[in-house]
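One structure is given here, and the rest of the page talks about it.
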Protein chains: 2
Amino acid sequence: MAKTDTKTKILDTAERLFAQKGFDAVSLRNIIEAAKVNLAAVHYHFGSKQTLLHAVVSRRLRPVNEERLAMLAEARAKAGKRKLKLEMVLESLFVPVFRAQASHKSGGSFTRLIGRVVFDRNTELQKFMVSELAQVIIQFSRAFDEALPGLNKTEMDWRSHFMAGAMAHTLCNADLLASFTGTDAGADGYETTVQRLVDFTAAGFRAKVST
Amino acid sequence: MAKTDTKTKILDTAERLFAQKGFDAVSLRNIIEAAKVNLAAVHYHFGSKQTLLHAVVSRRLRPVNEERLAMLAEARAKAGKRKLKLEMVLESLFVPVFRAQASHKSGGSFTRLIGRVVFDRNTELQKFMVSELAQVIIQFSRAFDEALPGLNKTEMDWRSHFMAGAMAHTLCNADLLASFTGTDAGADGYETTVQRLVDFTAAGFRAKVST
DNA sequence: CATTTATTCAAACGACTGTTTGAAACAGCC
DNA sequence: GGCTGTTTCAAACAGTCGTTTGAATAAATG
């Protein structure tokens, strides 16, 4: 118990602080102070600050990505020979990450972190993210092609891009919605949020391509 | 000429570097080295690093916001007594900021910066942004209500949020699209990008609200 | 038990941070 | 010319940064 205690304390605290303030704005000393561990413990367990970030992201993102692929496979199985339904593909992409926020009582700090990571310009981190997301990207871009057989590749790429932006912004800046508009982002469960996001992005994917 | 030369050299260089690496990751010494000015000049002209960021953002964002409001007013005038058209509202929001990228040959660094700023968690910066965007938010949320009379407030807030995410992500991470999919973001002019973004978000706004 | 391995700790490393200072260099004006 | 106000400059300030070190402690193994 005591062996991994320090390790997870560091992970939990780093996750919370990175999500709150961003990677560069949080120092290792901020983390070890809040986690009440020794400074050298970070390097002993993780090697460097950058590797710590990778560990923080990976711990949460890996199960999420596995569940995404599992849900997509299930959607495929359920469709059988029929065409894959766009809404189910989108749900497979959204539900695991939004549910992780609700279930794991990290106070939503980790989804904020994942959302933020997408927008962070950190060359090391981006390489890491690409490798972590590789399978998901491959499988889901294929799924989108199947669900929207008529759409040409360029349009598909752009619309996937827009969809990713809407998703990341929602994960990362849900509190902005409250401050700007007064609407409380966490008022309903994650299911309602996902439903809204699916409605919006599905309609966007299906929009008539203007000439 | 020499009087404002240092000032604009600092602004230009800071804009480029902030957009490339983010606010925290760039030091004042990085900036003054690239701009070939003295370190103290930053504080002489701008007071602090934070105020420099405000100046960098404001210089570009202010004219963009003015043009946004002007385009919206023009769209209103053109509509006359008819209902405001959603696509024209969206264009009024997108065109100025995307055109600024193309016209001002900053290499698109400033739109990346503006996109990034939306996602940055910097309390000081967020307060500043809210004040800079206040008028735009008020006017455009009213316009969206007019263009979509049937939609209730909560749904409207969420969809505006999704739309903002798609926009910010496109401004900030256009290069990601190239690296992930191979589609070159800058292949066509900004008009095509705006058109695609309008198509996507307009359809999202108009999506049937699922029960 | 002793001995080896894993983990914690305080202290220091050199480098870098934003900011301040006070003296130079420059401008425009009488 | 001298003088005033603006702008530049090198140097230093007081911290903080990520990282390393070597000894002290805890746990595990024989």
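Numbers restart at 1 for each chain; the letters A, B, ... are given by sequence-line order, proteins then strands. These values consider heavy atoms only, across backbone and side chains, with no hydrogens, waters or symmetry-generated copies.
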Practice task
Evaluate the ring planes of F200(A) and F205(B), with Trp represented by its six-membered ring, and classify them as parallel (under 30°), tilted (30 to 60°) or perpendicular (over 60°).
Solution key: perpendicular
Problem - Between Q195(A) and D199(A), a side-chain donor and acceptor under 3.5 Å - result: yes
Problem - Interatomic distance, D5(A) CG vs dA26(D) P [rounded to whole Å] - result: 16 Å
Problem - Within residues 130-139 of chain A or reaching into it, pairs that qualify as side chain to side chain donor-acceptor pair (under 3.5 Å) - sequence neighbours excluded - result: R62(A)-E132(A)
Handout entry: ring-ring contact (aromatic ring centres under 6.0 Å, His included) partners of F18(A), counting only residues at least two apart
Key = F23(A)
Practice task
Quickly work out the N38(A) CG to dA10(C) P distance and round it to whole Å.
Solution key: 6 Å
Practice task
Kindly assign one of parallel, tilted or perpendicular to the pair F144(B) and F140(B), based on the angle between their ring planes and the thresholds 30° and 60°.
Solution key: tilted
Identify all pairs in which a protein N or O lies below 3.5 Å from an N or O of nucleotides 17-22 of chain D, and state each distance.
from    : atom 1 : to     : atom 2 : distance (Å)
dC17(D) : OP1    : S27(A) : OG     : 2.8
dG18(D) : OP1    : K49(A) : NZ     : 2.8
dG18(D) : OP2    : L28(A) : N      : 3.0
dG18(D) : N7     : R29(A) : NH1    : 2.7
dG18(D) : O6     : R29(A) : NH2    : 2.7
dT19(D) : OP2    : H43(A) : NE2    : 3.1
dT19(D) : OP2    : K49(A) : N      : 2.9
dT19(D) : O5'    : H43(A) : NE2    : 3.4

Practice task
Applying ring-ring contact (aromatic ring centres under 6.0 Å, His included), name anything that partners F46(B), two or more places apart in sequence or on another chain.
Solution key: none
Exercise for the section: Mind telling me whether W158(B) and F162(B) have parallel, tilted or perpendicular rings, with 30° and 60° as the class edges? Expected result: tilted
Exercise for the section: With sequence neighbours excluded, give me every salt bridge (Lys or Arg N to Asp or Glu O under 4.0 Å) pair touching residues 154-172 of chain B. Expected result: R196(A)-E155(B), K153(B)-D157(B)
Problem - T6(A) side-chain N/O to dT8(C) phosphate OP1/OP2 under 4.0 Å - result: yes
Problem - Helical bend (five base pairs per end, nearest 10°) for the helix from dT8(C)-dA23(D) to dA24(C)-dT7(D) - result: 0°
Fill in the blank from the handout: Rounded to whole Å, the NE2-C1' distance (H45(A) to dT5(C)) equals 14 Å
Handout entry: Whole-Å gap separating P (dC9(C)) and NZ (K36(A))
Key = 13 Å
